[in-house]
Amino acid sequence: MCRVEQQPVLWSLTRPYWTEAPASSPGAGAISTTALIDLQLATAWSVGTDLDRALTPRVRRRTLRLLAELPPGSAADRAALLARLRWEHPLRATADDLRTDLLGWTLHDAESLGLTGRGAPAAHTRPLLAADGGDPGGDPDSAREAAALLAPLLPEPLDHILLQADLTAVAPGPLAAPLADTLGVLADIESKGGATVYRFTPESVRRALDAGRTAAELQAFLTASSRTPVPQPLSYLIDDVARRHGALRVGAAAAYLRCDDDALLSELLADRRANGLGLRRLAPTVLAAQSDPATLLERLRAMGLAPAAESADGDVLITRPDARRTPPRAAPVPVGEGPPAPDDALLGLAVKAIRAGDRAATAVHRQGAAAETPPDRDGVPRTPAADILATVQAAVLAGSSLWIGYVNADGAASQRVIAPVRVEGGYVTAYDHNADEMRTFVLHRVTGVSELADDPA
């Protein structure tokens, strides 16, 4: 097969057979399929050399050889092939995992390429492997044998199409490569199946003209390729698009020269010192240049001319000797001393937070409502976990408020006065008097609960 450094050469050699040779030509099927095998066995993937796997060609080559050694009509399952490969070449665990994946990929690719069917090698697989013989040259007799086996399976390419009056063309089968390439540029594929339908549109005809074809060449191509006469609407379409094609020209220019004296512009075009400017005449009094305006001005002044810069509006640009190289910068916004004065919204939120904190700090909790332990030094209540859920559920039924101790996700403990609304799934949904809004609390983070002597709500 092919080595890493041979893969680009092999692909460049086999590419013409893929794109140009007829599918039923002698040896073309064998060459194409052999190229597929070689590409599948290559150590380098087409997406880049960073994915090289030295184990790939050995596993793929040996897998196909083992399949070819089977009796005709028989197949081997993946487990048996993997056991044989492990017995022949023991590998460490990481390499064996890669080999297992490579074996699966090889069997899938062989099935997709028609080398196997239901795990059994096809009739042309053994001649193809013999034709390869370990090098790109291979055995020509085996290649011819494989081509003979593949020829009845490949459709005969057609060299004609059928043009219709509704600006469509029907290809009754696979087309020869040159015909398919040209028709693919001149028309758009509308439907595929046993026959392919192409549709001619102004955009598709313009695409062919952009590719360098002329209207006469397109008319001659359709006349030679169609078994039916070229419909008059299609001829009119090609001629009409060709008549309008190129009426407008689009190009790139870095700068332009404008002068009322066309003789001066002609003299400038003939001057050898202006060769590097990329000058081209667009009109008798206009030249286009590939150099930027600053370079163009400098070069023209070095030639003894006196050009003037022009703005996009056609006004002459005036440069002053005292012009600054950088634009002036605006003065920074002055920053006052001390913090900014709060607005009404911020003051309202502050007052609300202070009142909520006072309410939570001065709330008197009812003694004996639950089996409590003394609060910690921060004043956070402590209640056994078994009594927390029962107390919260009772508060939901009674519609009363509770004084709780809560630890947030960061581990910070706090006191809160809440009015529980719902308890489900380990969460408590309650109105938080401290925040003056509805919040959800995680039940297992509640350190303790206590009923209030007077409900703040």
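Treat the numbers as computed from the prediction; the structure is a model and nothing was measured.
By the 4.0 Å N-to-carboxylate-O rule, R207 lies too far from E203 to be salt-bridged with it.
Judged purely by atom type and a 3.5 angstrom limit, R299 uses its side chain to pair as donor or acceptor with the backbone of R273. The backbone N or O of R118 sits less than 3.5 Å from a side-chain atom of E111, completing a donor-acceptor pair. Judged purely by atom type and a 3.5 angstrom limit, S226 has no side-chain atom pairing as donor or acceptor with the backbone of L162. Listed for the T196 side chain is no donor-acceptor partner under 3.5 Å among the backbone atoms of A171. A donor-acceptor pair is defined here as one N or O able to donate and one able to accept, closer than 3.5 Å; no such pair exists between the side chain of R213 and the backbone of V205. Between the side chain of T168 and the backbone N or O of Q164, no donor-acceptor pair lies under 3.5 Å. Panel note: side chain N408, backbone D410; a donor-acceptor pair is recorded below 3.5 Å. Under the 3.5 Å distance criterion, the side-chain polar atoms of D109 are left unmatched by any main-chain donor or acceptor of T106.
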Show, in sequence, the C-alpha distance, side-chain angles and deciding distance for I388 and H444, and conclude whether the side-chain contact (heavy atoms from CB on, under 4.5 Å) test is met. CA-CA 9 Å; I388 293 178; H444 70 267; over 6 Å; no

Stepwise side-chain contact (heavy atoms from CB on, under 4.5 Å) test for R227 and D159: CA-CA 10 Å; R227 291 287 179 88; D159 60 352; 4.2 Å; yes

Please test L55 against L91 for side-chain contact (heavy atoms from CB on, under 4.5 Å), starting from the C-alpha separation and ending with a verdict. CA-CA 11 Å; L55 189 63; L91 298 174; 4.0 Å; yes

If you apply the rule side-chain contact (heavy atoms from CB on, under 4.5 Å), what do you find for F200 with V241, and how did you get there? CA-CA 12 Å; F200 299 93; V241 175; over 6 Å; no

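Take S291 and apply the side chain to side chain donor-acceptor pair (under 3.5 Å) test, not counting sequence neighbours, and it matches no residue. Not counting sequence neighbours, F221 has no partner by the ring-ring contact (aromatic ring centres under 6.0 Å, His included) test.
No side-chain heavy atom of I418 sits less than 4.5 Å from a side-chain heavy atom of V392. Residues Y198 and L175 form a side-chain contact, since some pair of their non-hydrogen atoms from C-beta on lies under 4.5 Å apart. Two residues are said to be in side-chain contact when any heavy atoms from C-beta on lie closer than 4.5 Å; V442 and Y406 meet this criterion. V428 has its side chain out of reach of V396: every pair of non-hydrogen atoms, C-beta onward, lies at least 4.5 Å apart. Residues T100 and R86 meet the side-chain proximity criterion, which asks for heavy atoms closer than 4.5 Å. Contact annotation: the side chain of D181 never approaches that of V185 to less than 4.5 Å [non-hydrogen atoms, C-beta and beyond]. At least one side-chain heavy atom of L209 sits under 4.5 Å from a side-chain heavy atom of L218. Contact annotation: the side chain of P293 never approaches that of E310 to less than 4.5 Å [non-hydrogen atoms, C-beta and beyond].
Each salt bridge (charged side-chain N to carboxylate O under 4.0 Å, His left out) pair with one or both residues in residues 231-257, not counting sequence neighbours, appears once here: D240-R243, D240-R244. Among residue pairs with one or both ends in residues 66-80, those qualifying as salt bridge (charged side-chain N to carboxylate O under 4.0 Å, His left out) are R62-E69; sequence neighbours excluded. Within the structure, salt bridge (charged side-chain N to carboxylate O under 4.0 Å, His left out) pairs that include any residue of residues 419-429 comprise R422-E424 (at least two apart or interchain). Pairs engaging residues 438-450 under the salt bridge (charged side-chain N to carboxylate O under 4.0 Å, His left out) rule: D432-R439, E437-R439 [sequence neighbours left out].
Within 6.0 Å of CD in E217 there are more than 12 heavy atoms belonging to other residues, nucleotides or ligands. For R99, the CZ atom counts as densely surrounded, since its 6.0 Å shell holds more than 12 non-hydrogen atoms of other residues, nucleotides or ligands.
From L82, atom CG reaches atom CG of L102 across 11.0 Å, with rounding to the nearest 0.5 Å. With rounding to the nearest 0.5 Å, the separation of CZ in R206 from OG1 in T201 is 8.5 Å. L85 CG to L66 CG: the interatomic distance, rounded to the nearest 0.5 Å, is 6.0 Å. Expressed to the nearest 0.5 Å, how far CG of L107 lies from CG of L115 amounts to 11.0 Å. Rounded to the nearest 0.5 angstrom, Q290 CD and L296 CG are separated by 11.0 Å. Atom CG of residue L269 and atom CG of residue L279 lie 6.0 Å apart, to the nearest 0.5 angstrom.
Annotation for P121 and S74: closest pair CD-O, 3.7 Å, computed over non-hydrogen atoms.
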